[in-house]
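Please read the structure below before turning to the comments.
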Amino acid sequence: MAWSVVARNKGARTAGIDGATVHRIEQRGEVQAFLSGIAASIEDGTYRPAPVRRVLIPKPGGKSRPLGIPTVTDRVVQQSLKMVLEPIFEADFLPVSYGFRPKRRAHDAVAEIHYYAQRGYRWVLDADIEGCFDHIDHRALLARVRARITDKKTVALVRAFLKAGVLDELGRQGGTDAGTPQGGIISPLLANIALSALDEAIMAPWQPGGDQATQWARRKRVRSGMGNWRIVRYADDFVIMTNGSRDDVLALKEQVTEVLGGIGLRLSETKTRITHLEHGIDFLGFHLQWRQRRGGGKWYCMTFIADKAFRSIKQTIRQLTPRRSPRPLTAVIVEVNAALRGWTYYFRHALA
């Protein structure tokens, strides 16, 4: 099953440091022998993940981000490990997180913000974690894995992937003392396991016995001049909303800083801000703002396309349509249309 998933991925023709690809293994008719070899090495304890091949992917503005390409063997093992671990941790994850989870998407997270904004949660901690996937503390992450997984071989396999290392474009190998596997299939799940500590801390008052556990309790707090709060998280991108005051957000920011410190992370001081929805926030490519309808109508949380999203699609089109290109015009048109269809479908519910 893991092989089928890996073979369908876009990177099936991309090789890791060993030069092997899914396509070549299939062409040679070696799939069964390949999988049997992996199973045997895991069973006898000789399996060791290889370092990932790191390449730099250009980003808008001249910057680049590192992408790790694991070997086909490691992709298959990671996918099988994910298929075993994901249902176990899904049973524990709180409904406030949406990124890289089955049957959840970015639009659900945006809808959650709308729901609570309409109910008075309009002071916001608009947070940004500095290098989240690169800095997660291995000991803290493995402690959370061990709390749920008692099988030592499985935990050892997770640890092996965390420590596999990186081979850069010059052939130099580096260790990985922190962070989740770059480009790894299991990386988003491991990040969610680590960041679920934040969900649990912020949403503790909503759990049974907490002082925000019921609608009646939350209303009582509001009448007493105290705020309630809610986190909405998509992977490492999150906001915390409160129907209290700016002071409540300041206190929540301190709590977030402490919780993140426990898993090796910190907020970006330049990108994290405390704001009111009347000034708007950018989240997952959307700009969300508490505004009055034209003509003096009712106030709503309205959704627009963020400026950054416009700049991104413009940059994509520029890259696909250089002034001089050896590609046929029809091929260029197909690629541009595909990019525009995907972009417009994602933002189809936003106001222009």
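When reading the values below, keep in mind they use all heavy atoms of this one structure, side chains included, and skip hydrogens, waters and symmetry mates.
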Heavy-atom closest contact ([X] atom, [Y] atom, distance):
{"X": "Cys132", "Y": "Leu265", "result": "O-CD2, 3.5 Å"}
{"X": "Val72", "Y": "Ala20", "result": "CG2-O, 3.4 Å"}
{"X": "Ile185", "Y": "Arg75", "result": "CD1-O, 3.4 Å"}
{"X": "Gly244", "Y": "Asp248", "result": "CA-OD2, 3.2 Å"}
{"X": "Leu195", "Y": "Ala235", "result": "CD1-O, 3.5 Å"}
{"X": "Glu43", "Y": "Lys153", "result": "O-NZ, 3.5 Å"}

Just do the side-chain contact (heavy atoms from CB on, under 4.5 Å) check on Gln32 and Trp3 with the steps written out, would you? CA-CA 10 Å; Gln32 194 56 52; Trp3 170 267; over 6 Å; no

In the single-linkage hydrophobic clustering (I, L, V, M, F, W, Y; side-chain heavy atoms under 4.5 Å), do [X] and [Y] co-cluster?
{"X": "Val336", "Y": "Phe347", "value": "yes"}
{"X": "Met241", "Y": "Leu250", "value": "yes"}
{"X": "Val5", "Y": "Leu81", "value": "no"}
{"X": "Val84", "Y": "Leu141", "value": "no"}
{"X": "Val222", "Y": "Ile240", "value": "no"}

Donor-acceptor pair, distance only, cut-off 3.5 Å: does the side chain of [X] make one with the backbone of [Y]?
{"X": "Arg48", "Y": "Gly45", "answer": "yes"}
{"X": "Arg327", "Y": "Val332", "answer": "no"}
{"X": "Thr272", "Y": "Asp128", "answer": "yes"}
{"X": "Ser41", "Y": "Ile38", "answer": "yes"}
{"X": "Glu86", "Y": "Leu189", "answer": "no"}
{"X": "Asp108", "Y": "Arg105", "answer": "yes"}
{"X": "Ser196", "Y": "Asp199", "answer": "no"}
{"X": "Ser187", "Y": "Pro181", "answer": "yes"}

With the side chain counted from C-beta on, respond yes when [X] and [Y] share a heavy-atom pair under 4.5 Å apart, and no when they do not.
{"X": "Met83", "Y": "Met1", "result": "yes"}
{"X": "His349", "Y": "Thr303", "result": "no"}
{"X": "Val31", "Y": "Glu26", "result": "yes"}
{"X": "Lys314", "Y": "Arg311", "result": "no"}
{"X": "Arg233", "Y": "Tyr98", "result": "no"}
{"X": "Gln289", "Y": "His279", "result": "no"}
{"X": "Glu130", "Y": "Lys271", "result": "no"}
{"X": "Asn243", "Y": "Arg119", "result": "no"}

For [X] and [Y], does a side-chain donor sit closer than 3.5 Å to a side-chain acceptor?
{"X": "Arg218", "Y": "Asn228", "result": "no"}
{"X": "Thr71", "Y": "Asp74", "result": "yes"}
{"X": "Thr257", "Y": "Arg266", "result": "no"}
{"X": "Asp247", "Y": "Ser245", "result": "no"}

Lys/Arg cation over aromatic Trp299: Arg293, 6.0 Å, 45° cone
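So Arg293 doesn't make the cation-pi contact.
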
TODO: Supply the members, apart from Met226, of the Ile/Leu/Val/Met/Phe/Trp/Tyr cluster built from side-chain contacts under 4.5 Å; use none for a lone residue.
DONE: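 Noted: Met226 shares its cluster with no other residue.
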
Taking atom [atom1] of [X] as the centre, does the number of heavy atoms from other residues, nucleotides or ligands within less than 6.0 Å exceed 12?
{"X": "Arg139", "atom1": "CZ", "value": "no"}
{"X": "Glu258", "atom1": "CD", "value": "no"}
{"X": "Arg219", "atom1": "CZ", "value": "no"}

Please determine if [X] and [Y] form a salt bridge, counting it only when a charged side-chain N lies under 4.0 Å from a carboxylate O.
{"X": "Lys253", "Y": "Glu269", "answer": "yes"}
{"X": "Arg24", "Y": "Glu30", "answer": "no"}
{"X": "Asp282", "Y": "Lys308", "answer": "no"}

Practice task
Over 60° means perpendicular and under 30° means parallel, so classify the ring planes of Phe304 and His287, tilted if in between.
Solution key: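 Tilted.
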
* To do: Go through the structure and list residues passing side-chain contact (heavy atoms from CB on, under 4.5 Å) with Arg101, not counting sequence neighbours.
  =>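 For Arg101 the side-chain contact (heavy atoms from CB on, under 4.5 Å) partners, ignoring immediate neighbours, are Glu90, Phe93, Ser97, Arg104, Asn192.
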
Review point. Which is it for Lys298 and Gln292 under the side-chain contact (heavy atoms from CB on, under 4.5 Å) test, yes or no, and what are the steps along the way?
Key: CA-CA 6 Å; Lys298 292 184 178 180; Gln292 190 176 26; over 6 Å; no

Test side-chain contact (heavy atoms from CB on, under 4.5 Å) on Leu288 and Val239; report intermediate values, then the result. CA-CA 12 Å; Leu288 304 162; Val239 297; over 6 Å; no

Would you list the pairs meeting side-chain hydrogen bond (donor to acceptor under 3.5 Å, both in side chains) in which at least one residue belongs to residues 337-347, sequence neighbours left out?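 Listed by first then second residue: nothing to list.
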
**Report entry** Sequence-distant partners of Glu278, side chain to side chain donor-acceptor pair (under 3.5 Å), two or more places apart
**Finding:**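 Checked Glu278 against side chain to side chain donor-acceptor pair (under 3.5 Å); zero matches.
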
Can you run down the ring pair (Phe, Tyr, Trp, His ring centres under 6.0 Å) pairs that involve residues 108-150, sequence neighbours left out, and say none if there aren't any?
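Every ring pair (Phe, Tyr, Trp, His ring centres under 6.0 Å) pair that includes a residue of residues 108-150, provided the two are not neighbours, is Tyr116-Tyr121, Trp123-His276.
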
query: How would you list all residue pairs meeting ring pair (Phe, Tyr, Trp, His ring centres under 6.0 Å) that involve residues 229-259, not counting sequence neighbours?
result: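 For residues 229-259: none.
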
